[in-house]
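Labels below follow one simple rule: chain letters A, B, ... track the order of the sequence lines, proteins then strands, and each chain is numbered from 1.
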Amino acid sequence: MKYNHLEVEPKWQKRWEEKGCFHAEENSQKEKFYALIEFPYPSGQGLHVGHPRPYTALDIVSRKKRLQGYNVLYPIGWDAFGLPTENYAIKNHIHPEEVTKKNVARFKKQIQSLGISFDWSREINTTDPDYYKWTQWIFLQLFKKGLAYKKEMAVNWCTSCKCVLANEEVINGQCERCGSEVIRKVKSQWMLKITEYADRLISDLDLVDYPPRVKAQQKNWIGKSTGAEVDFKTTEGDILTVYTTRCDTLFGATYMVISPEHQCIEKWQDKIANIEEVRAYQTEAAKKSDFERTELAKEKTGVRIDGVMAINPVNGKEIPIFVSDYVLVSYGTGAIMAVPAHDTRDWEFAKKFNLPIIEVVKGGEDVQKEAFTDCATGVMVNSDFITGLSVEDAKVKMIEWLTEKGVGRAKTNYKLRDWVFSRQRYWGEPIPIVHCDKCGYVPIPESELPLKLPMVDSYEPTDTGESPLSKMTDWVETTCPHCGGKAHRETDTMPQWAGSSWYFLRYMDPHNNDALASKEALNYWSPVDWYNGGMEHTTLHLLYSRFWHKFLYDIGVVPTPEPYAKRTSHGMILGENGEKMSKSRGNVVNPDEIVEQYGADTMRLYEMFIGDFEKAAPWKAESIKGCRRFLERYYNLQTKLIDGEEIRKELETSFHKTIKKVGEDIENIKFNTAIAALMALMNDIANVGNINKAEYRVFSILLNPFAPHITEEVWCEAKLGEGMIVDNSWPQYDESKCKADEIEIAVQVNGKIKAKLMVPAEAGQTEAISLAKSDGNVQKAINGMNIIKEIYVKGRLVNIVVKP
RNA sequence: GCUGGUGUGGUGGAAUAGGCAGACACAAGGGACUUAAAAUCCCUCGGACUAAUAAUCCGUACCGGUUCAAGUCCGGUCACCAGCACCA
């Protein structure tokens, strides 16, 4: 029998869609299950074999959950705004909307050829005005709550994209997308106050089931630290405030450092004796990008400010102030107190500038030779009223003292910055705000949403850095919704992250015109039960969408504080050479070819069998055959089909064991071993020589989530049961039948294997050991020795410990 | 440097919670079928010593430890991957 996937697969895909087999039910009494994959960006290159890995994985989960009686929502859509499309449009003089339409059509066709059980009736597209209406609506709510604000600030400017980038999008001083140099530029930007949610974004990680590495990365990114602010008086009579996590070391502060951008330099310019030198240093620092500053900072540089000194509040000592670029203006207060004895960076700097190093924490080596930074074991010395305390106690005491004297306070800081939300590009959601000279920034009325992206002739970014929209005077000039006077529209658009920050909510009720989703739908479907995505999105997308969701929770729109109950991450599929697949490396594999040659089922099976789902794995064209062979053996079982409505005794254990294993492995994202178990069961069946209807039925259902087309075909051809497999239910296993009556155990003497023998599965210690001792090899090994100990692990082994 | 992770045959990878290392595949070799090839089926397949699928020894990056028993636990070292990187 020949299996023709080219004919069979499209047939079933069509039938499923016609019958709406995978459409999530509305108003269902069933228990819900919401599975979510990161919706793709429809790029011009089409799908590569990496895309289907997560889709297939959650497809397996979804299909199994449906068979188990759940009302499953497994949707897909398109995250279609974004720069590559816009750049392509510019280059080829086609409207981005056209480009998007074309790319979506291609992606859709490719994905549908894989037989993923997406609910296509809920397909969404972030560039659809009916969709971005609600993206804009959320922005307006943020604005109304004061969480969206405009700020003049130095931004990351990509010289090639001519566009502002979020800190998160700058990799080693280069644009994440195009790799061009990123420089600093001062611009007025829309910002979102994600920092207001920093604490909850950390603490609510306790509510969700994410892999530890994902949680760790999120915490790391937010970078919470607790410490204190300390006010230093200066000889100018003003105050220089620093942030420190080590206020216990205040007695060891021998100098201060401010960042080159610190405002005090302007304030003190008339008093600074060496102002030229300081200015020159500032200029040097400004020339460097952030990347260079950190990169070149192997050797510390700086300039001492002559003419102004700071006064240490704990002992009244005058200490010098330096300007150095190892202090960042954007973190803490942009100024630090330097304690060279107990901070590595301060120590390096002190050595270079020959500054005093005073030990205030005892427990390390000579602080003149190396900084002692351990907080756990140290004891305070040379520190007046905190001498003798542990570091932790000293911190507490010091904060009390500072607070009492009014020269300091406890303070928490975060590395996380507010989210730069403006983009000076065309292909994004317009920001629904107008600026009126009289009223300032005014939101447009919600009734006017969506604010549609106007058609323009040219999407080229302007050299001034304004959005292409700024050239559209008709669109820009408008009236103020507040006073009716002349006003102009915001011409910046939103970043690509906007549409993807809430898309999972829209799937719950994708065609609603009155709300982003109905209350009923939100209450029924929230939260997402299982969200799978790439590690590359753990710090950006995941954090942004959790932030938006928390905001929506606060204003009563969504019912849960966290959007995703469970998150898993898939490993990348690498090229044959073990490198990341990319066009430039020429190692990209197109799934179309695999589907054509071997069929979607084989492709799915191979992608799941390739290795641990959470780890990267190299693609091996040679290995795919094994999966195809397995499916053919399954298909050809039809020629060995016999009657029988019950699983036969000789296959009972194999079947029950496999039902258990496959079910558990799917839940634990161990698809590779689930498939291995099915292959092993196939081998058991081959040994028996034939298969009966009951057995074939169970095998088909177990295999169905992995290889849905061929199993439906066999089900139908061999008349295994009613309707389609998708109308049936997942088989049950009987725990007592998962183990054979007799099992093989190993017999060791002193931990070395001497024999293997069959014993009753339920054998007790005495029985097993006496059986073990009856073995010839074992007898030889223990003969004439004293038995010290006898160990029996049920169903596993016997170990006899002997001594001469 | 910090955080998280990984290291097992020729290859991809298995191994419950400390209990038979190498499941399941791929490749390779041998055989059957065939005029032949492909496909299919059967056998072998970590290494050493072997006539042997007898026995023995070695073997999960490296060194040491705990244990009747270690890929798994503990201490140290090395390598690689990812993220962060002067965050006071």
Sugar-phosphate, base or nothing in reach of A:Met679, heavy atoms under 4.0 Å: sugar-phosphate

Between P of B:C84 and CD of A:Gln218, the distance in whole Å: 13 Å

Which nucleotide in B:G13, B:G83, B:C68 has an atom nearest any side-chain atom of A:Lys789: B:C68

Closest nucleotide among B:A88, B:A14, B:G19 to the A:Thr673 side chain: B:A14

Minimum-distance nucleotide to A:Val793 side chain [options: B:A21, B:G19, B:C41]: B:G19

Atom pair distance, as rounded to whole Å: CG in A:Asn799 and P in B:G19: 13 Å

Nucleotide nearest A:Lys752 when distance is taken to its side chain, options B:C57, B:A25, B:C20: B:C57

Sugar-phosphate only, base, or nothing, as touched by A:Lys754 at under 4.0 Å among non-hydrogen atoms: sugar-phosphate

Interatomic distance at C1', B:C20 relative to B:A69, whole Å: 11 Å

Sugar-phosphate only, base, or nothing, as touched by A:Lys625 at under 4.0 Å among non-hydrogen atoms: sugar-phosphate

Between A:His537 and A:Glu38, a side-chain donor and acceptor under 3.5 Å: yes

Sugar-phosphate only, base, or nothing, as touched by A:Ala616 at under 4.0 Å among non-hydrogen atoms: sugar-phosphate

Integer-rounded Å distance: B:C42 P and A:Asn687 CG: 8 Å

Sub-6.0 Å ring centroid separation between A:Tyr255 and A:Phe349: yes

Atom-to-atom span, CZ of A:Arg629 to C1' of B:A27 - whole angstrom: 10 Å

Heavy-atom donor-acceptor pair, A:Lys756 side-chain to B:C20 base, under 3.5 Å: yes

Counterpart base for B:G9, defined by Watson-Crick or G-U wobble contacts under 3.5 Å: none

Watson-Crick or G-U wobble mate for B:G1, both contacts under 3.5 Å: B:C84

For B:C41, the Watson-Crick or wobble partner whose two distances fall under 3.5 Å: B:G31

Touch class at under 4.0 angstrom, heavy-atom based, for A:Asp346 against every strand present: nothing

Sugar-phosphate only, base, or nothing, as touched by A:Ser225 at under 4.0 Å among non-hydrogen atoms: sugar-phosphate

Short side-chain N/O contact to B:G1 OP1/OP2 from A:Thr344, under 4.0 Å: no

Proximity to the side chain of A:Arg213 - top-ranked nucleotide from B:U11, B:G4, B:C20: B:G4

A:Gln748 CD - B:U56 P separation (whole Å): 13 Å

Distance, rounded to the nearest Å, where A:Met572 contributes CE and B:U6 contributes C1': 14 Å

Touch class at under 4.0 angstrom, heavy-atom based, for A:Phe609 against every strand present: base

Touch class at under 4.0 angstrom, heavy-atom based, for A:Gly626 against every strand present: sugar-phosphate

Atom-to-atom span, CZ of A:Arg246 to P of B:A88 - whole angstrom: 11 Å

Integer-rounded Å distance: B:G12 P and A:Ile610 CD1: 11 Å

Touch class at under 4.0 angstrom, heavy-atom based, for A:Asn413 against every strand present: nothing

B:C73 to B:G19 separation - P atoms, rounded to the nearest Å: 11 Å

Sugar-phosphate only, base, or nothing, as touched by A:Glu632 at under 4.0 Å among non-hydrogen atoms: nothing

